[in-house]
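Worksheet: one structure, shown below.
Quantities reported herein were computed from a predicted structural model and do not represent experimental measurements.
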Amino acid sequence: MSRDHVQPAERPTTEGATGVSEGGAEAPYLELLARDASVEAYEQPVLLARAEGQPADRIAALERAKLVALRVRSELEGRRRREAELSALFETAHDLAGLRDLDAVLQAIVQRARSLLGTDIAYLSLNDPARGDTYMRVTEGSVSARFQQLRLGMGEGLGGLVAQTARPYVTDDYFQDGRFQHTLTIDAGVRDEGLVAILGVPLMLGPHVIGVLFAADRRARVFEREQIALLGSFAALAAAAIDTANLLTETRAALAGLEHANEIIRDRSAVIERASDVHDRLAELVLRGGGVHDVAAAVSQVLDGTVEFTEAGTAPAAPLEASRAEGHAVRHGGDWIAAVTAGGELLGALVLRGHPGLDPVDQRTLERAAMVTSLLLLARRSASEAEQRVRGELLDDLLDARDRDPRLLRERAARLHADLEATHVVLATRLDGPAADADEEAAARRRLWSAASHLAATRQGLAAARDGGTVLLLPLAAGDTATDVARRTARHLGTAVHQPVTVGASAPVTDLATHPDTVAAAYAEGRRCLDALHLLGRDGDGAAAEDFGFLGLLLAGERDIGGFVDRTIGPVVAYDERRGTELLRTLDAYFACGLSPARTKDALHVHVNTVAQRLERVGRLLGEDWQSPARALEIQLALRLHRLAAPVRH
């Protein structure tokens with residue numbers, strides 16, 4: 001049963017009201033105070049006295065006693081309320097002293113503020129210096145998601161005004177209060193929450209406002225001065241909690257930084273020791289004449305991985321080029337690739353396999369090993385330059401046919417580990433691409449000669465500089481064709497000198513010691529292939545005489561190949577490219593099948609009507625006389641040239 005209502009059995013008797021047996025007019029009110037009765041219950045003694053017809057002075061005495069009792073009751077309630085407030089503040093301060101979770105402390109502050117002020121909702125917002133506004137951090141009693149996600153610009157709404165002015169603000173009716181800057185977003189959120197009366201006090205850290213603490217009701221209400229002061233006390237505790245949490249965060253960050261610094265110092269000590277070990281090993285290798293594979297083995301032990309030296313043509317092109325350009329090792333999948341270069345020339349690469357987590361120090365170790373490798377290669381190259389010159393002199397003699405004694409030729413070749421009895425291919429090579437000046441062009445030619453000589457030495461062939469490029473005599477391996485050798489050589493030399501290199505190959509030649517003049521004829525054939533590739537726009541590619549047939553003779557001089565093809569079959573080429581059709585393929589098959597649609601449809605595996613429709617389309621594109629003898633010959637030649645000029649897929 002509520003204490004705010006006096007039951008009939010609890011009513012004071014008339015005898016008590018008159019004070020005959022209760023000791024005066026104060027007695028009934030002392031009883032009410034003892035029972036903590038409601039305010040309404042204090043009217044009962046006066047009403048009973050009047051109903052019983054008590055004297056006027058008695059009723060007046062009861063009225064005076066009632067007023068005194070109500071003041072006492074009010075004072076007691078105030079004391080209890082202040083006791084509860086002090087208790088809540090003490091508990092909050094205790095929570096703050098043992099701060100572990102800032103969100104939990106702020107939530108407790110908001111909950112206690114709402115409970116003590118008896119409001120429908122309480123909430124706390126914090127300023128965001130980066131965005132220049134304030135946002136909701138903690139809410140208690142809120143039911144609107146939009147309200148819980150509100151952001152208030154400085155000066156917007158009641159909270160924005162508190163945050164801007166560092167003063168508490170209170171409104172009995174928010175929507176009727178013109179002191180605040182109303183915005184559609186804020187008003188929509190407040191309306192969703194159904195708030196009417198709002199009190200906001202600033203959270204202060206020194207002179208700075210860091211947020212706002214609110215208490216609000218969904219009905220009109222006047223907040224008393226004591227309530228404003230109480231909310232301000234909670235705001236001070238909340239600000240202290242935030243400051244404490246920030247200090248703890250900074251302390252933890254400082255400790256973490258110190259620990260990280262200690263780790264770095266320990267790591268650096270290990271790094272210095274490891275770097276010294278690497279330096280000693282590499283220096284020892286150089287002094288005792290070790291090779292590139294010895295370097296790779298030593299670095300493998302230091303990096304606890306597998307390091308291999310690879311030629312430039314066998315390493316992945318994109319990461320190898322990136323490493324050459326940047327001067328650093330580059331990650332490629334789970335591997336690391338460090339280019340081995342000297343004077344702008346790409347000599348190869350060191351590849352660290354299966355070690356994706358390489359730290360900067362180990363990366364530098366791999367790069368230093370690549371530098372040592374380049375020095376070893378240069379030293380080896382210097383030692384082999386004499387041999388290369390001898391190889392070049394032998395090939396020059398074969399090209400000029402100055403020494404026709406087969407025995408002497410074989411002996412000279414044997415000393416160079418070359419076998420003139422084997423089947424060979426003569427390759428004419430030329431650099432493509434513009435040069436900035438004569439010095440750059442000369443440097444590029446030297447790089448081409450160096451790369452070609454190195455290739456010849458590793459393949460047991462010969463190389464010589466001639467006609468602004470190089471000429472190579474390479475043995476033809478079983479299963480290889482002259483075209484294969486030409487294309488492979490173009491790729492290898494182009495990668496090595498970092499510039500397109502075009503290669504023309506002769507047909508295979510044999511018995512060079514007995515018939516050395518064969519080399520000169522083969523070289524001339526390779527030069528014609530070079531000219532044909534240039535006219536066809538295939539610079540940087542490789543091809544052999546067998547790829548061109550009689551067209552090689554036609555292409556040896558200056559010819560407008562592109563213009564001829566465009567004039568002859570250009571409309572058909574454009575139609576295929578635009579529509580994705582196969583008119584060119586049909587034309588090829590039609591001429592190859594002796595102008596027979598029936599045999600053409602068998603070759604193409606299509607219906608004869610399809611062949612007829614395609615040929616009809618060709619007629620509309622090229623003209624009705626396209627099958628006349630003169631035009632048919634031109635069309636067949638243009639088809640052959642177009643096919644040869646197309647990019648070759650390697």
Side-chain angles (χ1 to χ4, degrees), residues 391-404 406 409-410 413 416 418-432 448-449 451-453 455-494 500-536 538-557 640 644 648 650:
R391 290 178 183 275
E393 291 170 0
L394 176 57
L395 183 53
D396 281 334
D397 287 347
L398 290 172
L399 288 169
D400 298 334
R402 287 193 297 236
D403 191 342
R404 295 181 178 275
L409 290 175
R410 291 190 186 95
L416 299 172
D419 181 9
L420 296 184
E421 303 298 328
T423 302
H424 286 74
V425 174
V426 178
L427 304 164
T429 72
R430 181 171 59 202
L431 286 166
D432 289 306
L448 176 61
W449 152 244
S453 298
L455 177 63
T458 57
R459 291 285 309 279
Q460 297 182 340
L462 304 175
R466 182 164 290 227
D467 300 324
T470 61
V471 54
L472 293 96
L473 180 68
L474 297 180
L476 188 65
D480 263 355
T481 65
T483 301
D484 296 334
V485 176
R487 290 174 179 169
R488 191 162 55 242
T489 303
R491 289 196 302 271
H492 178 90
L493 295 180
V501 176
T502 307
V503 178
S506 70
V509 292
T510 57
D511 200 13
L512 302 182
T514 305
H515 304 288
D517 54 339
T518 305
V519 179
Y523 176 57
E525 189 175 47
R527 291 286 306 279
R528 286 196 296 272
C529 286
L530 271 182
D531 294 337
L533 286 169
H534 177 68
L535 290 171
L536 291 170
R538 287 172 57 182
D539 292 341
D541 199 359
E546 61 195 30
D547 296 324
F548 298 101
F550 75 95
L551 289 175
L553 298 175
L554 296 177
L555 297 173
R640 182 74 181 274
L644 290 172
V648 178
H650 300 306

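Taking the side chain to side chain contact (heavy atoms under 4.5 Å, CB included) definition, one finds that Thr510 meets it with Thr423, sequence neighbours left out. Partners of Asp511 under the salt bridge (Lys or Arg N to Asp or Glu O under 4.0 Å) rule, at least two apart in sequence or in another chain, do not exist in this structure. Remark: Ala422 pairs with Asp419, His424 by the side chain to side chain contact (heavy atoms under 4.5 Å, CB included) rule, at least two apart or across chains. Judged as a side chain to side chain contact (heavy atoms under 4.5 Å, CB included), and not counting sequence neighbours, the contacts of Asp480 are Leu476, Ala477, Asp484, Val485, Arg488. Partners of Ala490 under the side chain to side chain contact (heavy atoms under 4.5 Å, CB included) rule, at least two apart in sequence or in another chain, are Val503. Looking at residues two or more places apart in sequence or on another chain, you find no side chain to side chain donor-acceptor pair (under 3.5 Å) involving Thr489.
Atom CG of Leu472 and atom CZ of Arg466 lie 12.5 Å apart (nearest 0.5 Å). Asp541 contributes atom CG, which lies 11.5 Å from atom SG of Cys529 (distance to the nearest 0.5 angstrom). How far OH of Tyr523 is from CG of Leu530: 8.0 Å, rounded to the nearest 0.5 Å.
Residues Arg527 and Asp467 have side chains in contact (heavy-atom distance under 4.5 Å, counting atoms from C-beta outward). Side-chain contact between Asp539 and His534: present, with at least one pair of heavy atoms (C-beta onward) separated by less than 4.5 Å. Residues Leu448 and Val501 are in side-chain contact: their nearest non-hydrogen atoms beyond the backbone lie under 4.5 Å apart.
For Thr429 (side chain) and Thr470 (main-chain N/O), a donor-acceptor pair under 3.5 Å exists by modelled atom type. Looking only at distances, a side-chain donor or acceptor of Arg459 sits under 3.5 Å from a matching main-chain atom of Pro475.
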